[in-house]
Number of protein chains: 2
Amino acid sequence: MADVAEKAGVSRALVSIVFRDLPGAGRETRERVLRVADEIGYRPDNAARLLARGRSRTLGVMFIVHQTFHTDLIAGIYPEAERLGYDVLLSGTTPGRGEDKAIEALLGHRCEGLILLAPDAEPSRLDRLGHRAATVSVGRRAPGAHVDFVHSAEGKGVRQAMDHLVELGHRRIVHIDGGRGPGSAERRRAYRAAMRRHGLTDEQRVVPGAHTEESGIETGRLLLAERDRGLPLPTAVLAGNDRCAMGLLMTLTRAGVEVPRDLSVVGYDDSHLSHLMPIGLTTVRQDAVLLAEHAVRFAVERLENPELPPREAVLDPKLVVRGTSGPAPEEPAR
Amino acid sequence: MADVAEKAGVSRALVSIVFRDLPGAGRETRERVLRVADEIGYRPDNAARLLARGRSRTLGVMFIVHQTFHTDLIAGIYPEAERLGYDVLLSGTTPGRGEDKAIEALLGHRCEGLILLAPDAEPSRLDRLGHRAATVSVGRRAPGAHVDFVHSAEGKGVRQAMDHLVELGHRRIVHIDGGRGPGSAERRRAYRAAMRRHGLTDEQRVVPGAHTEESGIETGRLLLAERDRGLPLPTAVLAGNDRCAMGLLMTLTRAGVEVPRDLSVVGYDDSHLSHLMPIGLTTVRQDAVLLAEHAVRFAVERLENPELPPREAVLDPKLVVRGTSGPAPEEPAR
DNA sequence: TACTCGCACTAGAGCGCGCTAGTAGAGCGC
DNA sequence: GCGCTCTACTAGCGCGCTCTAGTGCGAGTA
């Protein structure tokens, strides 16, 4: 920077002004500074900038690298953050890299805001984070914690899915639970409520699981094993999310179960891959772009006004009917 | 930091020593400093650290958020970088956020090393980047550029896939090209060579495409339209990558084409989703973890010794036979 | 005793910027 | 001519840390 200043015959401060595009520099000087900088190959150093400025205007996003829906969210986060003048840094969790590491990496790089996609942390941990940075949790509720919360109305989504299945004549509808996955508790409750409402209390069945393909595969194996022991297959499965639904579909289809003729499957999320599956996954759509925009806005608003009480944004999900759901098969005598 | 020093009754320098875990501090003092820091809630500021140190020990990774194979690579990058004592920052490209932006973000945050997953940039652009940071390109060759290059031996992979298909009796094998996608040119060449070698020169057909689901879908539509005009379907398709294969599968299966009875499909990458597809995608496996480790090592080695000439690592891919490839259908009289 | 050596610790410069307070000079009204 | 404002620019401190070149001190050596 000093080099540029000298070569352009101005002070460092003026160079700074030019690079921040502030008023206070003559048109001609401005151009000269930029030209010289270009020749020298000078580019402002962010670390020093952040340090001097005291603020970083950087949002950190934690996501699960293999969660396809998260990549949809990220695609929505970037433009909104840019619009508001914020930088975005990504840090992923993998099977070998936990949330704590991913979050520390973000904080260590001076993120002022934290957008956590489906964090697994306890409310107390989130609360602590919330006091260190403007934090918003996407998908996971954190009661009492000083964080904002963005999610979709799980109950409504599940209800639509269940009504759809019941209308198609399904009665034996199994729900694969999402375990500690975000929204799982709400989805489970909504499933139970829907079953009761449709007079199917006795048919209720929740299989423990997770928001992963593996979970769907395991459930598939379980159901097939039961069938081989003479128990009937369910006629429909409401999976915990799309990934789980995909795992299930794979296992069942491979074993000769035809979807949706023998069994219907409904997912949750509508990640961008869902409509690309060979027969298209019927699923509950969460609007990734909208969720992302709300998350970014919450974080930025909190940065501008830290006094804000924790807020919550609830978006309406919408059932998308594709190829994996169809009329219930005719019931053989049990 | 000054607060900690004062409260612990030592100098700032000593606190610095403690936090960097360097020799030069007594056992007892060390503990006291850490305890005080914990009480105050002090944590070292990375930006200032980088600034003072002149080095960041940070690798920036550019990836395409929707490219599932990239998330596999990322999962391999993290542990290797950590092992070598480097931080990792992620920056994604999306349909609305180009490579330049993603890379500038990384550079702006002081990444010393750049790992570019399937960059789309020209060799000259890569060369320029290579002079600004230790750069390694994964998947895309950049002749003459000052960057390291990690990829798998596309030719070998395609050859295995082609041999497999020919052994199954296929003759009308179409290749969907990956367009500007990394490795496309090599795959295309290898496809052509294999067709010639098997005496199928006349059956050669390369459909232009890209490494996206959409590309597979379009090709599927194209092939179906041809069939409706009375032209025979190919009996096998070698897709540009897994995503393309998935799009193709979706379109064909929906239209009633049965895979692999009517038509076989082979992908490329073996992204973690491939084995989860309902019938499992036959594909050419690139070892993501190995690719990732090589990339990280190249970057780090170049940082430690910038004089290094550009290097290249070639990994052997391996055909993985799953459910989408089978014997060629019996040929009706044409 | 005088010396060196190693250990625990400190002073203070400097990393590359942003920012506040300020100056010099041009233009204007009276 | 004076004071005033406005624009274009500068000086220099400080952000939170690392690092070099030390200081002081007790133990070991000649």
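This is a predicted model, so every value here is computed, not measured. Each chain gets a letter, A, B and so on, in the order its sequence line appears, and its residues count up from 1.
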>> Please evaluate residues Arg83(B) and Glu80(B) with respect to the criterion salt bridge (charged side-chain N to carboxylate O under 4.0 Å, His left out), reporting the C-alpha separation (whole Å), side-chain torsions for both, the decisive distance (0.1 Å), and the verdict.
In response: CA-CA 5 Å; Arg83(B) 198 177 68 77; Glu80(B) 184 67 4; 2.9 Å; yes
> To the nearest 0.5 Å, how far apart are OG1 in Thr58(A) and CG in Asn46(A)?
Replying inline: 6.5 Å
> Which residues pass the salt bridge (charged side-chain N to carboxylate O under 4.0 Å, His left out) test with Glu31(A), sequence neighbours left out?
Replying inline: Arg27(A)
> If the sugar-phosphate is the primed atoms plus P, OP1 and OP2 and the base is the rest, what is the B/S/- string for nucleotides 12-18 of chain D, using protein heavy atoms under 4.0 Å?
Replying inline: -BBBBBB
> Just how large is the angle between the end axes of the helix from dT1(C)-dA30(D) to dC30(C)-dG1(D), five pairs per end, to 10 degrees?
Replying inline: 50°
> So, does His70(A) use its side chain to make a donor-acceptor pair with the main chain of Ile64(A) at under 3.5 Å?
Replying inline: yes
>> Asp269(A): which residues meet the side chain to side chain donor-acceptor pair (under 3.5 Å) condition with it, sequence neighbours left out?
In response: Gln286(A)
>> Can you list everything that forms a side-chain contact (heavy atoms from CB on, under 4.5 Å) with Arg311(B)? Sequence neighbours excluded, please.
In response: Asp148(B), Phe298(B), Glu301(B), Arg302(B), Leu308(B)
> How are the rings of Tyr42(A) and Phe19(A) set relative to one another: parallel (under 30°), tilted (30 to 60°) or perpendicular (over 60°)?
Replying inline: perpendicular
>> Distance check needed: dT7(D) P versus Arg27(A) CZ, whole Å only.
In response: 16 Å
>> Any base atoms under 4.0 Å from Gly26(A), or only sugar-phosphate, or nothing? Heavy atoms, all strands.
In response: sugar-phosphate
Distance-only donor-acceptor pairs under 3.5 Å for side chains of residues 120-134 of chain B, two or more places apart:
residue	atom	partner	partner atom	Å
Asp120(B)	OD1	Arg180(B)	NE	3.0
Asp120(B)	OD1	Arg180(B)	NH2	3.1
Arg125(B)	NE	Asp100(B)	OD1	3.0
Arg125(B)	NH2	Asp100(B)	OD1	3.1
Asp127(B)	OD1	His146(B)	N	2.7

> Is the shortest side-chain N/O distance from Thr29(A) to OP1 or OP2 of dC9(D) below 4.0 Å?
Replying inline: yes
